[in-house]
Amino acid sequence: MATDKTFYLETFGCQMNAHDSEKVIGTLEHEGYRQVTSEEDAGLILYNTCSIRDKAEQKVFNRLNDYKKLYKAGKRFGVLGCVAQQEGEKIFERAPYVSLVSGSASYRKLPEMLSRLEAGESRITGLDDRQTDEAFETEFTSRQNPYRGYITIIEGCDKFCAYCVVPYTRGKERSRTSTSVLEEARRITDAGYTEIQLLGQNVNSYSDPEGKRSFAELLAAVGEVPGIRRVRFTTSHPRDFTRDIVDVIDAVPTLCDHVHLPVQSGSSRVLKMMAREYTCEWYLERVEWVKAARRPISLSTDIIVGFPGETADDFIQTMDLLGQVQYDCVFGFKYSARPNTPALTMIDSIPEAEKAARLQVLLDRQREIQRVNYASHLGQVMEVMVEGHNPARGQVTGRSSQNKPVNFTSKQPIAPAPGSYAQVKITGTHPNSLVGEAV
Ligand code: 5AD
Ligand code: SF4
C-alpha cells in the first residue's frame with residue numbers, strides 16, 4: 001500500500017451517510033491520513049455505500065469495477081456503509097481487490113482496522129450486526145458541509161417495515177444522551193454554524209439514555225443554543241410522531257417550518273402489508289396537527305409505488321392522499337426488492353413498466369400541486385440561507401425555512417458566502433424552486 005497515507009472517499013445515499021463520512025474523514029485524519037480529491041491520487045480508496053434500492057447498491061460495484069485497475073498500482077480499496085454490512089464477506093468474492101469491508105456500526109473500530117490494513121492484511125471486516133448497542137461518537141468529525149452542521153441523535157432502526165434494509169444494515173436503535181447532543185450543538189455553533197440538522201433513521205423514537213429530555217424537549221433545547229438560527233430534523237416515522245413536536249415548532253422560532261413525514265402509501269391495506277403500523281386516517285390526523293400550527297409548516301413525504309400486491313385501487317388511494325395533503329415536496333420511488341426483508345417473500349407482482357407508469361402519474365400530479373403551492377409565494381419576502389452559487393446564471397442558491405430551494409440575484413459586488421442569510425423577494429416560481437432578488 002502507498003506509504004503516504006492518502007485517502008479518497010466517495011459517499012452514496014442519505015444524509016446519515018453524508019454525516020458518517022464526516023466522522024470517518026475526521027477519524028482518518030486523526031490517524032495521520034490526508035484526504036485527496038481523486039481515486040488516482042489516493043493510497044486508500046473508500047466508498048461509503050447505500051443499499052436502500054437495488055440501483056443504489058449497483059453504483060458501488062460499478063465504481064469498483066471502473067477503478068479496480070488501480071489495485072496493481074498498490075492502491076487499496078475499502079467498502080463502508082450499508083452495502084458493506086448487507087453483503088459482508090461476499091464483497092471479497094465479488095471484488096477480490098477489496099481489503100476492508102465495514103458497516104456503520106463498526107466505525108469506532110476504524111483506527112484498529114486501518115493499522116491492520118497498513119500491516120498488509122487484505123481481508124479486514126467490521127460487521128457488527130443488531131447486537132451492537134454502541135453509538136459512534138467522535139470528537140474528530142471533519143465537517144464537509146459549509147452551511148449545515150449534522151448531529152446524529154439516534155442510530156439504527158427497530159421498525160422493520162417489510163420493504164426496508166435499514167434495520168439490518170444499521171442495527172438496533174440506540175440514542176445518544178441529550179447532554180452530549182447539546183454539547184455537540186454548542187461546539188458546532190462555536191465553529192460558526194448557524195444551521196443544525198438532527199439526524200436519525202427515526203428521530204421520533206429518540207429516547208434519552210439519561211431520561212432528561214423527550215425528542216420535542218431536545219428540539220427546543222437545541223433551538224435555544226446561543227447562535228443557532230435554524231434547526232432541522234430527519235427523518236420522522238408517523239407512528240412515533242407526537243403532537244408536542246408541532247407545539248415546539250410553534251413555540252421555538254429557530255425550528256424550521258418543515259416536517260418530513262414519510263407516508264409510503266395512501267392505502268391502509270398496503271400500509272398493513274408494509275408493516276407501517278398506522279392507517280391512512282391515523283396519518284392524516286398527524287397531518288392535521290401540522291396544518292393547524294400557527295406557523296406555515298411545509299410537509300414533505302416519501303412514497304413507494306408498486307409494493308407487492310398494490311392494486312390499481314390502492315394506487316388511486318395514494319393519489320387521493322396527495323390531493324388531500326397537498327405536500328410541498330414528494331420523493332417517489334418504485335418498489336425494489338431488498339435482501340433479508342420480509343417483503344422479499346411476497347410475490348413482486350407488479351411489472352416494472354407498471355411501476356414506472358404509476359410513478360410517472362404520481363410525479364405529474366405532484367408537479368401540478370407544487371406549481372400552485374410554489375406560486376402562492378409570489379411577492380413574499382423570505383429569509384434564505386445561502387448554500388452556493390450558480391455562476392452561469394449569476395444566481396445565488398439557497399433554501400427557505402420551509403426547505404424550498406430559492407435562486408436569487410444579489411446586487412452586492414461579492415456574492416454572499418454559504419451559511420449567510422439574505423432577505424429575498426420572490427419574483428418568479430417553478431414547481432420545484434422559487435426565484436427572487438435580495439432586498
Ligand atoms: N424500495 C423502494 N423504496 C424504498 N424506500 C425504502 N426501502 C425501499 C425499497 N425497498 C424508500 C422509502 C423511504 C425512503 C428513504 O426510501 O420511501 O422512506
Ligand atoms: Fe441508504 Fe438507508 Fe443506508 Fe442511508 S441508511 S445509506 S438510505 S440504506
Side-chain angles (χ1 to χ4, degrees), residues 9-24 47-60 79-87 102-107 130 136 150 152 154-173 197 199-204 234-239 241 259-266 270-271 273-276 278 283 300-308 310 318 321 327 329-346 348 350 352 355-356 358-359 362-363 366:
L9 172 65
E10 182 173 353
T11 307
F12 303 90
C14 62
Q15 285 161 324
M16 294 282 280
N17 256 20
H19 183 43
D20 280 349
S21 284
E22 295 184 327
K23 299 192 221 178
V24 168
Y47 296 115
N48 188 7
T49 61
C50 173
S51 65
I52 196 88
R53 286 168 290 274
D54 188 53
K55 232 161 111 185
E57 182 178 336
Q58 290 321 315
K59 278 189 197 157
V60 63
V79 178
L80 309 178
C82 292
V83 177
Q85 184 65 41
Q86 177 188 292
E87 296 299 303
S102 173
S104 63
S106 301
Y107 290 164
R130 294 192 54 82
F136 177 45
Y150 293 115
T152 310
I154 177 169
E155 288 182 34
C157 182
D158 288 348
K159 281 285 184 284
F160 292 96
C161 300
Y163 50 79
C164 189
V165 286
V166 173
Y168 313 94
T169 60
R170 285 190 169 271
K172 71 177 171 201
E173 239 168 51
Q197 181 156 1
L199 295 175
Q201 286 305 329
N202 181 2
V203 287
N204 310 130
T234 44
T235 191
S236 292
H237 190 298
R239 183 71 225 173
F241 188 85
V259 171
H260 183 62
L261 200 58
V263 64
Q264 312 301 357
S265 168
V270 173
L271 288 171
M273 293 193 293
M274 287 177 164
R276 290 290 287 177
Y278 55 83
Y283 178 86
S300 57
T301 201
D302 295 340
I303 289 175
I304 298 175
V305 298
F307 186 78
E310 182 191 71
T318 297
L321 179 84
Y327 289 105
C329 179
V330 170
F331 300 92
F333 308 102
K334 289 184 284 181
Y335 169 72
S336 168
R338 305 311 294 134
N340 306 317
T341 60
L344 199 60
T345 59
M346 303 175 187
D348 189 0
I350 322 280
E352 199 51 33
K355 285 183 196 166
R358 288 182 192 178
L359 183 62
L362 179 103
L363 296 179
Q366 180 57 26

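When a ligand or atom number is given, it counts from 1 through the structure's own listing order.
- Ligand 2 lies within reach of Gln201, whose nearest heavy atom is under 4.0 Å from it.
- Note: Tyr327 and Tyr283 have tilted aromatic rings, judged against thresholds of 30 and 60 degrees for the angle between ring planes.
- At a 4.0 Å cut-off, at least one heavy atom of Ser51 sits close enough to ligand 2 to count as contact.
- If you look at Lys334 next to ligand 1, the close heavy atoms, those under 4.0 Å, all belong to the backbone.
- Side-chain atoms of Asn202 never come within 3.5 Å of backbone atoms of Cys157 as a donor-acceptor pair (strictly under, hydrogens ignored).
- Among the atoms of Cys82, an N, O or S atom falls under 2.8 Å of atom 3 (Fe) of ligand 2.
- Checking side-chain atoms of Tyr107 against main-chain N and O of Gly81 turns up a donor-acceptor pair under 3.5 Å.
- The nearest heavy-atom contact from the protein to atom 7 (N) of ligand 1 is Tyr163 CD1, 3.3 Å.
- Numbered from 1 in the order shown, with element, the atoms of ligand 1 that lie under 4.0 Å from a heavy atom of Arg53 read 1 (N), 2 (C), 3 (N), 4 (C), 5 (N), 11 (C), 16 (O).
- Side-chain atoms of Tyr168 never come within 3.5 Å of backbone atoms of Gln85 as a donor-acceptor pair (strictly under, hydrogens ignored).
- Using a non-hydrogen distance threshold of 4.0 Å, Met16 does not register as a contact of ligand 2.
- The distance from ligand 2 to the heavy atoms of Cys50 drops below 4.0 Å at these ligand atoms: 1 (Fe), 6 (S), 7 (S), 8 (S).
- Two residues are said to be in side-chain contact when any heavy atoms from C-beta on lie closer than 4.5 Å; Arg276 and His237 meet this criterion.
- Atoms of ligand 2 found under 4.0 Å from any heavy atom of Val166, numbered from 1 in the order shown, are 2 (Fe), 5 (S).
- Scanning the protein heavy atoms around atom 10 (N) of ligand 1, the nearest turns out to be Ser336 O, 2.8 Å.
- Contact annotation for Ile52 and ligand 1: heavy atoms of both the backbone and the side chain come within less than 4.0 Å of the ligand.
- Taking every non-hydrogen atom of Tyr335 and a distance limit under 4.0 Å, the qualifying atoms of ligand 1 come out as 1 (N), 2 (C).
- Those atoms of ligand 2 that come under 4.0 Å of a heavy atom in Arg170, given as number and element, are 3 (Fe), 5 (S).
- At the top of the distance list for atom 4 (Fe) of ligand 2, counting protein heavy atoms only, stands Cys14 SG, 2.3 Å.
- Ligand-side atoms of ligand 1 in range of Gln264: 12 (C), 13 (C), 17 (O), 18 (O), range being under 4.0 angstrom from any heavy atom.
- Here the OG1-NE2 distance, from Thr11 to His19, works out to 12.0 Å after rounding to the nearest 0.5 Å.
- Of the protein's heavy atoms, Asp302 OD2, 2.6 Å lies nearest to atom 18 (O) of ligand 1.
- Heavy atoms of Asn17 found under 4.0 angstrom from ligand 2 belong exclusively to the side chain.
- Between atom CG of residue Leu359 and atom CZ of residue Phe333 there is a gap of 9.5 Å, rounded to the nearest 0.5 Å.
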Evaluation steps, salt bridge (Lys or Arg N to Asp or Glu O under 4.0 Å), between Lys355 and Glu310: CA-CA 10 Å; Lys355 285 183 196 166; Glu310 182 191 71; over 6 Å; no
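- Exactly one of Arg170, Lys172, Arg239, Arg130 qualifies for a salt bridge (Lys or Arg N to Asp or Glu O under 4.0 Å) with Asp158. That residue is Arg130.
- By the 30° and 60° cut-offs, the orientation of the rings of Phe307 relative to Tyr163 is perpendicular.
- Note that CG of Leu363 and CZ of Arg358 are 14.0 Å apart. Values are rounded to the nearest 0.5 Å.
- Only side-chain heavy atoms of Phe333 come within less than 4.0 Å of ligand 1; its backbone N, CA, C and O stay farther off.
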